[in-house]
Structures are given as C-alpha cells and as structure tokens.
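Before I ask anything, here is the structure I am working with.
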Amino acid sequence: GEIQAPQLVDHVVDRFEMSTKNQDIQFKRRIPEDDITVAGDRDKLTQLLDNIISNAVKYSPEGGTINVSLKPEKERVVISVKDEGVGIPKENIPHVFDRFYRVDKARSRNLGGTGLGLAIAREIAAAHGGNIWVSSDWGKGTTFSFSLPYAQQEAVVNQ
Ligand code: ATP
Ligand code: MG
C-alpha cells in the first residue's frame, strides 16, 4: 500500500523513546511534515527501521544522542540513523550486512543478538527497490541510511 514515510518514522521513534525512557539516550529528529509517500509493506518497513534503531540503541554510550532524519531527494527519500557509539572498524564495514556477521564477537556477545538484523534490513530495502549503506568512524559513531523510491504517481491527463 501507500505509506506516509514521515508518519512511519515518527511512530517508530516514538516507540523507542518510550522503551528507552530509563536509559540515558536522547533522540533527535529531522523529519519534515510534508506528504511523502512510498509504496510498500508497512510492517516490513517498520521492521527495517526497528533493526537499525535497535542497533543504534544497543551500541550507544551513556548520554548518547541518536539522530533520525528523513530527507526527500529528487528520486527517493533517504532515512538516516546516526549514533555516537563505538563505531565499526573500516575493515568490518563490508561485512555488516552479511547474515550472522558480528563485529568483535566478545563485545557483541555481551550485548546479545544473532547477527541477522542488518541482513533482514538489507533484504527489506532491496525488496522495496531501495538501498542501504553505512558510514562509520571508529570511536566516534555510525550512520546507517536507507533509501526508498517514491510511490508511483498516477499520470494526470489534461483535457
Ligand atoms: P540481531 O540484530 O540479530 O539481534 P546484531 O545486532 O548483532 O544481532 P546486526 O543488527 O545484523 O546483528 O548487526 C551486525 C553487527 O554489526 C553487530 O553485531 C555489530 O557488531 C555491528 N553493528 C551494527 N550496528 C551497529 C552500530 N550502530 N554501531 C556499532 N556497531 C554496529
Ligand atoms: Mg541488530
């Protein structure tokens, strides 16, 4: 169906704000209030964003801020989640979307997880005609972004 992207992102961030109430983590949003529709499966897109924000929460330090932004570009909308966590070493970046891949097994074991979240996120983005990518500075933080094409507009016929 047609989904209002800003509303979907706001709902997910609202939920994480509530579930992290007792943690020292702050969310900041840059989400326009415009009509921005994408075509797809609401539950799957919610899961995509869930998987990325849950990582940002998991790898954020105490007092960390998580920035969530939605940027309408010419051909696609880009949603980004930026954290101030440990980051991902450069050599591990090409693998983070692989199934069961986890950076630093010892560190990750304490934090729990199976290493599937990002593989699922990539599958969902691809199934919607979008992309997903990451940029990270070891020790400074990580930004995961994904893009979604706009919902196809019906052609307006002038008579
Ligand atoms: P699951 O999502 O299945 O519970 P997981 O979070 O370990 O487990 P992924 O979400 O696929 O698995 O992430 C893969 C690995 O990428 C993580 O184990 C972690 O090492 C690294 N990673 C993912 N997101 C971040 C982040 N925001 N900051 C630092 N490292 C990250
Ligand atoms: Mg995860």
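All values derive from a computational prediction rather than experimental measurement. Order of listing sets the numbers, starting from 1, for every ligand and every atom in it. Residue numbers start at 1 and run along the sequence shown.
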Problem set entry | For atom 1 (P) of ligand 1, the option (of T143, T114, I120) bearing the nearest heavy atom | T114
Problem set entry | Proximity of F97 to ligand 1 by residue part, where a heavy atom lies under 4.0 Å | neither
Exercise. Can an N or O of G117 be found at a distance shorter than 3.5 Å from an N or O of ligand 1?
Worked result: yes
Exercise. Is it the side chain (CB and beyond), the backbone, both or neither of N51 that lies under 4.0 Å from ligand 1, heavy atoms counted?
Worked result: neither
Seminar exercise, completed: Taken in chain and number order and not counting sequence neighbours, the residues that satisfy ring pair (Phe, Tyr, Trp, His ring centres under 6.0 Å) with H11 are none
Exercise. Which is it for T142 and ligand 1 at heavy atoms under 4.0 Å: side chain, backbone, both or neither?
Worked result: side chain
For this session: State which residues pass salt bridge (charged side-chain N to carboxylate O under 4.0 Å, His left out) with R15; sequence neighbours excluded, sorted by chain then number.
Result: D50
Exercise. What do you reckon, does Y101 have a nitrogen or oxygen under 3.5 Å from a nitrogen or oxygen of ligand 1?
Worked result: no
Exercise. Can you list the residues that meet the side-chain hydrogen bond (donor to acceptor under 3.5 Å, both in side chains) rule with S145, with sequence neighbours excluded?
Worked result: S80
Exercise. Judged by atom type as modelled, is there a donor-acceptor pair below 3.5 Å linking the side chain of R76 to the main-chain atoms of S147?
Worked result: no
Exercise. Going by the angle between their ring planes, with limits at 30° and 60°, are H95 and Y101 parallel, tilted or perpendicular?
Worked result: tilted
Exercise. Mind counting the protein N, O or S atoms sitting less than 2.8 Å from the Mg ion (ligand 2)?
Worked result: 1
Exercise. When rounded to the nearest 0.5 angstrom, what is the spacing between CD1 in I124 and CZ in F146?
Worked result: 9.5 Å
Exercise. Looking only at distance, does V103 have an N or O less than 3.5 Å from an N or O of ligand 1?
Worked result: yes
Exercise. Considering only heavy atoms, does L118 approach ligand 1 within less than 4.0 Å through its side chain, its backbone, both, or neither?
Worked result: both
Exercise. Are the side chain of D24 and the backbone N or O of E62 linked by a donor-acceptor pair below 3.5 Å?
Worked result: no
Problem set entry | Non-hydrogen side-chain atoms of V38 and L8 separated by less than 4.5 Å | no
For this session: May I ask which of S54, G85, G115, S60 has a heavy atom nearer to atom 12 (O) of ligand 1 than the others do?
Result: G115
Exercise. Ignoring hydrogens and geometry, is there a side-chain-to-backbone donor-acceptor pair from T65 to I25 under 3.5 Å?
Worked result: no
Exercise. Purely on distance, is any nitrogen or oxygen of L116 under 3.5 Å from one on ligand 1?
Worked result: yes
